[in-house]
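All values below were derived from every heavy atom in this structure, side-chain atoms included, with hydrogens, water molecules and symmetry-related copies excluded. What you see is a predicted model, and the numbers here were worked out from it, not measured in a lab. One is the number of the first residue; the rest follow in order along the sequence.
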Amino acid sequence: MLGEDHSLLKEFPEYKDTIAKLINVDDAFAKDTKHYNALDKEIRGLELQDSPIGDESMHQLKHDRAELKDALHHRLIAGN
């Protein structure tokens, strides 16, 4: 669905407490979470504007978001 919120808390609500804890104690996790949420916001905005960038550029943004999401998920599991 276009314009859907994929922020970290929306994707992993069961890890809400772990996300909050890691953001406070792990600077790298906090930085990556901020970057992930910024990417998601950028993608959502572009989708709502009918993707005013090329398909390859949009694909790259979504790929970057997916890789970062996977890395953050692994860290959430380890931090739980």
Side-chain angles (χ1 to χ4, degrees):
M1 190 183 327
L2 294 179
E4 189 173 339
D5 183 358
H6 290 279
S7 64
L8 202 59
L9 286 173
K10 290 279 187 176
E11 291 293 301
F12 304 115
E14 68 275 19
Y15 290 107
K16 178 183 174 187
D17 294 337
T18 305
I19 291 168
K21 178 184 84 172
L22 288 174
I23 286 173
N24 287 320
V25 299
D26 185 336
D27 290 338
F29 183 86
K31 180 182 173 189
D32 288 345
T33 298
K34 185 175 182 178
H35 182 217
Y36 173 85
N37 288 330
L39 266 175
D40 181 58
K41 184 177 180 180
E42 179 181 3
I43 291 166
R44 205 166 48 248
L46 289 167
E47 287 175 339
L48 293 173
Q49 297 171 25
D50 294 325
S51 301
I53 62 172
D55 288 344
E56 191 62 37
S57 296
M58 180 62 92
H59 175 75
Q60 186 63 51
L61 287 173
K62 288 183 176 185
H63 173 78
D64 294 347
R65 179 181 64 184
E67 283 193 339
L68 193 50
K69 177 182 170 182
D70 287 344
L72 287 166
H73 184 250
H74 286 288
R75 288 156 71 184
L76 286 171
I77 292 168
N80 206 7

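- Listed by chain and number, the residues in a salt bridge (Lys or Arg N to Asp or Glu O under 4.0 Å) with E11 are K69 (sequence neighbours excluded).
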Q | Residues H59, K62; criterion side-chain contact (heavy atoms from CB on, under 4.5 Å); working and verdict | A | CA-CA 5 Å; H59 175 75; K62 288 183 176 185; 5.7 Å; no
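- From H6, atom NE2 reaches atom CG of N37 across 12.0 Å, with rounding to the nearest 0.5 Å.
- Residues H35 and L39 are in side-chain contact: their nearest non-hydrogen atoms beyond the backbone lie under 4.5 Å apart.
- Taking 4.5 Å as the limit, every side-chain heavy atom of T33 sits out of range of all side-chain heavy atoms of L22.
- The stretch residues 26-39 participates, sequence neighbours left out, in these salt bridge (Lys or Arg N to Asp or Glu O under 4.0 Å) pairs: D32-R75.
- Within a 6.0 Å radius of NE2 in H73, more than 12 heavy atoms belonging to other residues, nucleotides or ligands are found.
- Applying the side chain to side chain donor-acceptor pair (under 3.5 Å) criterion to H63, with sequence neighbours excluded, gives E67.
- P13 approaches K10 most closely through the heavy-atom pair CD-O, 3.5 Å.
- Of the possible polar contacts, one joining the D40 side chain to the S7 backbone as a donor-acceptor pair under 3.5 Å is found.
- Of all heavy-atom pairs between Y36 and L8, the closest is CE2-N, 3.6 Å.
- Within the 4.5 Å cutoff, the side chain of I43 has heavy atoms near those of the E47 side chain.
- Minimum interatomic distance between L46 and M58 (heavy atoms only, all atoms of both residues): CB-CE, 3.5 Å.
- Pairing each heavy atom of I19 with each of F12, the nearest pair is CD1-O, 4.0 Å.
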